Amino acid sequence: MLEIGVQRKDGVVSSEARNVPIPEPAENEVLIKVVATDSNPKDWKASARPVKINQGDDIAGTVHKVGKNVHDFKPGDRVAAFHRMFAPSGSYAEYAIAPASTTFFLPPNTSFESGATLPLASMTAALALYQHLGLPAPWNPVPKGKRVPLLIYGGSSAVGTFALKFAKLSGLGPIITIAGGGAEFVKSINAADYIVDYRKKNVVADVQKILDDEGVKLHHAFDAVSEHDSWKHVLDLLDKEGSERGKITMVDPPEPMVSEWPQGLEFSRVFVSSAYGEPHQWCNEEQAKVHRDFAYVFYRYMTLLLAEGRFVPHPYEVQPDGLLAVEKGVQALYDRKVSSKKLVYRVADTPGLDKYQ
Ligand SMILES: NC(=O)c1ccc[n+]([C@@H]2O[C@H](COP(=O)([O-])OP(=O)(O)OC[C@H]3O[C@@H](n4cnc5c(N)ncnc54)[C@H](OP(=O)(O)O)[C@@H]3O)[C@@H](O)[C@H]2O)c1
């Protein structure tokens, strides 16, 4: 089968199309015939390696084969799935492997292309809000009359947009988000109560005014950007004095890492690998087990939300030439040329697929 390996050197992304055997699922895994996939910023961030690896993590397709302990999926099922990052058999290929626990059904109203936008980015948002920040889940929302303000930095990014949608379902508010060129898109999803433009340079003052006007203190913030001092702005805004501790969770750790956080403030980094139970610096083994169970439940809950039309995937743009467009797509992410959408590749659009077996 065809597989695409990706590498980045000195800001230039290159790729390699190669012929590899169709992989076999292990006992708790699912082998999926990929119909559509997309790219994540991780694909360039983690591709400065000596070899070109198949970086694709978002799978949408049909189940081809299941491991012997998999009881909830069968061949032919329409699914989306989160591939184990950096493991072999990613989604830039005709067939890909995912843990059964991070695989979920796509209801009939959700296309494979839409489904491909979901697995990695939506789970990052869900882990940030519900595991790292400990906010109420959508199935047990904030009671009417109670207010839980939330700041989401980067509302037009895929992760930020999913966070906004989940925050709305959880009944959080006021929801304040920071966006730039994607502000109109953020407005259109109708989830944020306030949108502040980071290009105007007075983010902190603008958000503080909103908090003051609303008469609330900020205790929860998700920094879905973690660049350009975004986290420093968040720190200025979090309440450090009240009895409740302010919490910030970030998609990337601060650069350089802060040696001492302001007292009374809880910092964490969300890393989506905990969705399949892998511990990391800000998530110990015990917490990672909890995250794995949470991800199992939340992915299945997403199927319900999608089927009922209470949640929609991210906007996407199908790239010409299927998997052969991965190189260009990852380069566009590296060059920060993508706003408010995912770049999706359809395997069937790949020229010369019949050369591979
Ligand atoms: N730790 C993890 O497990 C994990 C998982 C997923 C993603 N991530 C990281 O999270 C980040 C977002 O990922 P993604 O897939 O959501 O990316 P994405 O959709 O490609 O993000 C692009 C968006 O970032 C926004 N942005 C850039 N600079 C900004 C700023 N200073 N303030 C506010 N918004 C800004 C842009 O907004 P405008 O167009 O409005 O200007 C643009 O829409 C990436 O750094 C990624 O590597 C980490």
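Counting convention: from 1, in listed order, for ligands and their atoms alike. Please read these numbers as outputs of a predicted model, since none were measured by experiment.
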Would you say L120 and ligand 1 have an N/O pair spaced under 3.5 Å apart?
no
Is T124 touching ligand 1 with its side chain, its backbone, both, or neither, if touching means heavy atoms under 4.0 Å apart?
side chain
Considering all heavy atoms of both residues, which atom of G115 and which atom of T110 are nearest to each other, and what is their separation?
N-CG2, 4.1 Å
Using the rule given for side chain to side chain contact (heavy atoms under 4.5 Å, CB included), can you reason through L304 versus R300, listing the C-alpha separation, both sets of side-chain angles and the distance that settles it, and then say yes or no?
CA-CA 7 Å; L304 176 77; R300 281 143 187 79; over 6 Å; no
Identify whether the distance between the nearest side-chain nitrogen and carboxylate oxygen of K52 and E16 falls below 4.0 Å.
no
Element-labelled atoms of ligand 1 that are located less than 4.0 Å from some non-hydrogen atom of A224
10 (O), 11 (C), 12 (C)
Check for me whether R84 meets the cation-pi criterion with F82, that is, NZ or CZ under 6.0 Å from the six-membered ring centre and within 45 degrees of the ring axis.
no
Is the closest N or O pair between I178 and ligand 1 shorter than 3.5 Å?
no
Considering heavy atoms of the protein only, find what lies nearest to atom 19 (O) of ligand 1 and give residue, atom and distance to 0.1 Å.
A158 N, 2.8 Å
Just distances here: any N/O of G160 and N/O of ligand 1 closer than 3.5 Å?
no
Do Y153 and W231 have ring centroids that are under 6.0 Å from one another?
no
If you measure from each heavy atom of R269 to ligand 1, is any distance below 4.0 Å?
yes
Quick one: does P41 get an N or O within less than 3.5 Å of an N or O on ligand 1?
no
Distance under 4.0 Å to a non-hydrogen atom of Y153: what atoms of ligand 1 satisfy this?
32 (N)
Whether R78 engages the ring of F112 as a cation-pi pair (distance to the six-membered ring centre under 6.0 angstrom, angle to the ring normal within 45°) should be assessed.
yes
heavy-atom search around atom 43 (O) of ligand 1 in the protein gives S156 OG, 3.0 Å
Does any N or O atom in Y198 lie less than 3.5 angstrom from one in ligand 1, N or O only?
yes
Taking the six-membered ring for Trp and the full ring for Phe, Tyr or His, determine whether the centres of F271 and W282 are under 6.0 Å apart.
no
Under 4.0 Å from ligand 1, counting heavy atoms only, is it the side chain of R336, its backbone, both or neither?
neither
Geometric class of the F166/F162 ring pair [parallel <30°, tilted 30-60°, perpendicular >60°]:
parallel
Should the proximity of K45 to ligand 1, defined as any heavy atom under 4.0 Å, be assigned to the side chain, the backbone, both, or neither?
side chain
Mind checking whether G182 has an N or O less than 3.5 Å away from an N or O of ligand 1?
yes
Nearest protein heavy atom to atom 3 (O) of ligand 1, by residue and atom, and its distance?
V272 N, 2.8 Å
Heavy-atom pairs closer than 4.0 Å: do any link ligand 1 to the side chain of S230, the backbone, both, or neither?
neither
Looking at the rings of F104 and F73, which for Trp means the six-membered one, are their centres under 6.0 Å apart?
no
Using ring centroids (six-membered ring only for Trp), state whether H132 and H291 fall under 6.0 Å.
yes
Of the choices L343, D43, V225, which has the non-hydrogen atom that lies closest to atom 28 (N) of ligand 1?
V225
Per-atom filter on ligand 1: closer than 4.0 angstrom to a heavy atom of H228 are 31 (N)
Hydrogens and angles aside, do T117 and H314 bring a side-chain donor and acceptor to less than 3.5 Å of each other?
no
List every atom of ligand 1 that sits less than 4.0 Å from any heavy atom of V270, numbering the atoms from 1 in the order shown and giving each element.
1 (N), 2 (C), 3 (O)
In this structure, atom 7 (C) of ligand 1 is nearest to the protein heavy atom V159 CG2, 3.7 Å
Begin from the C-alpha positions of T350 and D321 and carry the test side chain to side chain contact (heavy atoms under 4.5 Å, CB included) through to its verdict.
CA-CA 5 Å; T350 314; D321 293 338; over 6 Å; no
For atom 39 (O) of ligand 1, find the nearest protein heavy atom and state the residue, atom name and distance (0.1 Å precision).
S339 OG, 2.5 Å
Quick check with a 6.0 Å cut-off and a 45 degree axis cone: is K65 positioned over the face of Y95's six-membered ring?
no
Can you establish whether the number of heavy atoms outside K217 located under 6.0 Å from its atom NZ is more than 12?
no
Under 4.0 Å, heavy-atom basis, I'd like to know which part of F271 is in contact with ligand 1: side chain, backbone, both or neither.
both
Should the ring pair Y92 and Y345 be called parallel, tilted or perpendicular, given that the plane angle runs from 0 to 90° and is split at 30 and 60?
perpendicular
Counting heavy atoms under 4.0 Å, the part of A121 that contacts ligand 1 is neither
Nearest neighbour in protein (non-hydrogen) for atom 24 (O) of ligand 1
S157 CB, 3.8 Å
The answer for which part of S340 has a heavy atom under 4.0 Å from ligand 1 is backbone
Parallel, tilted or perpendicular: rings of W44 and Y334 (30°, 60°):
perpendicular
Nearest to atom 8 (N) of ligand 1, what protein heavy atom do you find, and at what distance?
V251 CB, 3.9 Å
What do you reckon, does L333 have a nitrogen or oxygen under 3.5 Å from a nitrogen or oxygen of ligand 1?
no
Here the atoms of ligand 1 under 4.0 Å from any heavy atom belonging to V338 are 22 (C), 42 (C)
Can you list the steps and then say if D43 with R8 is a salt bridge (Lys or Arg N to Asp or Glu O under 4.0 Å)?
CA-CA 9 Å; D43 303 352; R8 173 178 59 92; over 6 Å; no
Check this for me - ligand 1, G154, N or O atoms closer than 3.5 angstrom, yes or no?
no
